[in-house]
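Atoms considered below: every heavy atom in the structure, side chains included; atoms not considered: hydrogens, waters and symmetry mates. First listed ligand is number 1; within each ligand, the first listed atom is number 1. Sequence positions, counted from 1, serve as the residue numbers for this chain.
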Amino acid sequence: MKATAKAHTNIALIKYWGKRDESIILPTNSSLSLTLDGFYTTTTVDFQEELSKDIFTLNDEPVTGTAFNRVSAFLDLIRRSAGKDKLFANVQSINEVPTAAGFASSASGFAALAAAGAKAIGLELSDQELSRLTRQGSGSACRSIYGGFAEWEMGEKPDGSDSYAVPIAPADHWDVRVAAVILNATMKKVSSREGMKRTVDTSAFYSGWLDSIPQDLQQIKEGISGCDFEKVGQIAEANCLRMHATTLGAYPPFTYWLDTTMTVMQAVQAMRAEGIPAYFTIDAGPNVKVLYLPENEKTVEKTLRNIPGVTDVRLSKSGQGVTYL
Ligand SMILES: O=C(O)C[C@@](O)(CF)CCOP(=O)(O)OP(=O)(O)O
């Protein structure tokens with residue numbers, strides 16, 4: 001039983017930053033993202049009676065260790081849902097997500113895996129059920145089920161049955177662009193999972209972060225509905241800065257930013273001062289993603305490429321949700 005699915009990565013404009021339950025990945029706050037066309041994962045899941053364990057290859061390379069264990073544990077969820085606990089699969093993923101781009105390739109990866117795995121084993125899932133399943137692989141991945149803008153509603157039930165993403169606006173609602181600015185950074189990364197945990201457990205600023213989310217979400221959805229770029233950009237940039245402020249208030253304190261990260265941030269703010277609307281957002285890494293409008297693409301790309309320490313700039317439009325090939 002075999003199926004292939006393609007899913008795109010997404011960029012959070014209102015960040016998921018903390019878990020209230022680590023085992024089934026329930027968040028402390030709701031989040032909202034834009035699915036991108038430029039970065040995606042294509043995954044084929046082939047359940048075969050003769051297999052005695054799962055096999056996972058990524059970009060034609062065999063995967064073992066933690067990454068394999070996360071995929072196999074996720075397939076256990078699918079096996080259990082289908083009542084086929086002893087049916088193992090050959091999983092082949094191809095990532096069109098330059099890992100260095102600082103995009104969580106786990107977002108497109110787990111969304112494609114969930115969609116292909118569920119279809120291959122014969123589960124007929126609604127988008128909501130697929131998003132709820134995907135969430136248990138990687139939280140942010142649950143938003144990639146949809147194209148365009150999607151909101152992951154945190155839910156409140158302990159079993160997570162009300163924690164999944166819902167569509168806010170389709171990809172063709174509004175042509176907002178995203179430039180992924182890739183830095184020549186090699187740094188020991190605090191993973192998003194570890195970073196969230198330390199922040200939730202120790203940050204003096206964490207309650208302020210949580211208190212600010214409901215208004216951010218309500219306001220940014222108004223901005224998206226009205227295609228108000230300044231409103232959406234200002235809220236996204238402020239939300240990102242508030243998320244990163246929580247890491248500085250953690251113990252031990254940490255930051256994902258490098259000197260080049262701040263140079264890019266300042267260049268974006270300088271563009272705004274010169275009348276080019278552009279806003280930045282940053283996830284659990286040093287790379288910066290810049291929101292801009294199509295008419296300014298040349299200026300924005302040129303400005304970003306000329307920043308010392310920037311090794312590449314990858315441009316994206318809004319992308320589609322999960323598709324089956
Ligand atoms: O994407 C966002 O909302 C913000 C972040 O990217 C960080 F800035 C979090 C991504 O966390 P993820 O990798 O999904 O964690 P998992 O549930 O532990 O797998």
Side-chain angles (χ1 to χ4, degrees), residues 7-36 39 41 66-67 69-71 73-74 77 95 97 99 101-114 131-146 149-155 160 163-165 168 178 180 189-201 203 206 209-210 212-213 216-217 220 235-248 250 254-257 261 280-289 291:
H8 290 79
T9 194
N10 67 76
I11 171 76
L13 303 182
I14 305 296
K15 302 295 184 189
Y16 152 49
W17 191 241
K19 294 182 179 69
R20 66 178 193 273
D21 181 316
E22 307 245 333
S23 61
I24 57 172
I25 303 188
L26 295 180
T28 48
N29 60 269
S30 295
S31 59
L32 182 142
S33 63
L34 174 61
T35 298
L36 300 178
F39 307 110
T41 303
T66 311
N69 295 339
R70 268 185 84 178
V71 166
F74 188 69
L77 291 177
N95 256 357
V97 183
T99 312
F103 281 99
S105 54
S106 61
S108 56
F110 274 100
L113 174 64
S131 178
R132 192 161 43 212
L133 169 67
T134 305
R135 187 206 76 227
Q136 298 174 70
S138 177
S140 57
C142 80
R143 303 180 306 231
S144 281
I145 302 307
Y146 303 102
F149 295 90
E151 178 182 359
W152 174 12
E153 296 177 338
M154 64 180 281
S163 184
Y164 46 78
I168 294 299
V178 175
K189 211 164 103 65
V190 175
S191 74
S192 51
R193 199 158 279 195
E194 180 193 339
M196 277 184 213
K197 177 153 183 46
R198 192 189 311 177
T199 302
V200 171
D201 291 348
S203 180
Y206 197 64
W209 160 255
L210 290 181
S212 71
I213 298 298
D216 273 0
L217 275 167
I220 205 166
I235 295 165
E237 190 169 294
N239 181 269
C240 150
L241 290 169
R242 219 171 309 114
M243 172 208 142
H244 286 272
T246 65
T247 71
L248 297 172
F254 67 105
T255 181
Y256 288 107
W257 298 353
T261 309
F280 62 78
T281 188
I282 304 162
D283 290 301
N287 290 318
V288 183
K289 291 97 176 182
L291 298 165

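- Between the side chain of Tyr164 and the backbone N or O of Glu153, no donor-acceptor pair lies under 3.5 Å.
- The shortest separation from a heavy atom of Arg70 to ligand 1 is under 4.0 Å, placing the residue in contact.
- Not one N or O on the side chain of Arg70 forms a donor-acceptor pair closer than 3.5 Å with the backbone of Ser138.
- Of the options Lys15, Glu151, Arg143, a side chain to side chain donor-acceptor pair (under 3.5 Å) to Ser31 is made by Arg143 and by none of the others.
- In Ile25, the part holding a heavy atom less than 4.0 Å from any atom of ligand 1 is the side chain.
- In summary, the atoms of ligand 1 found under 4.0 Å from a heavy atom of Ser192, numbered by their order in the structure, are 11 (O), 12 (P), 13 (O), 15 (O).
- Within the set Tyr16, Trp152, Trp17, Tyr256, the minimum heavy-atom distance to atom 15 (O) of ligand 1 is found for Tyr16.
- A donor-acceptor contact closer than 3.5 angstrom links the side chains of Asn10 and Ser144.
- Judged as a side-chain contact (heavy atoms from CB on, under 4.5 Å), and not counting sequence neighbours, the contacts of Gln136 are Ile24, Leu77.
- Each of the following atoms of ligand 1 lies closer than 4.0 Å to a heavy atom of Lys19: 16 (P), 17 (O), 18 (O).
- With distances taken over non-hydrogen atoms, the option nearest atom 3 (O) of ligand 1 out of Met196, Arg135, Arg143 is Arg143.
- Taking every heavy atom of Arg193 and a limit of under 4.0 angstrom, the matching atoms of ligand 1 come to 16 (P), 18 (O), 19 (O).
- Interface atoms of ligand 1 facing Ala12, defined by a heavy-atom separation under 4.0 Å, are 1 (O), 2 (C), 3 (O).
- Of all the atoms in ligand 1, the ones that sit under 4.0 Å from a non-hydrogen atom of Ala284 are 7 (C), 8 (F).
- A search for side-chain hydrogen bond (donor to acceptor under 3.5 Å, both in side chains) contacts involving Asn29 returns Trp209, not counting sequence neighbours.
- Using bins of under 30°, 30° to 60° and over 60° for the plane-to-plane angle, the ring pair Trp257/His244 lands in the tilted bin.
- Within ligand 1, the atoms closer than 4.0 Å to a non-hydrogen atom of Ser140 are 1 (O), 12 (P), 14 (O), numbered from 1 in the order shown.
- Under a 4.0 Å criterion applied to the non-hydrogen atoms of Met243, ligand 1 contributes the atoms 8 (F).
- Under 4.0 angstrom from ligand 1, there are no non-hydrogen atoms of Ser31.
- Side-chain contact of Trp17 with Ser192: a donor-acceptor pair under 3.5 Å is absent, judged by distance alone.
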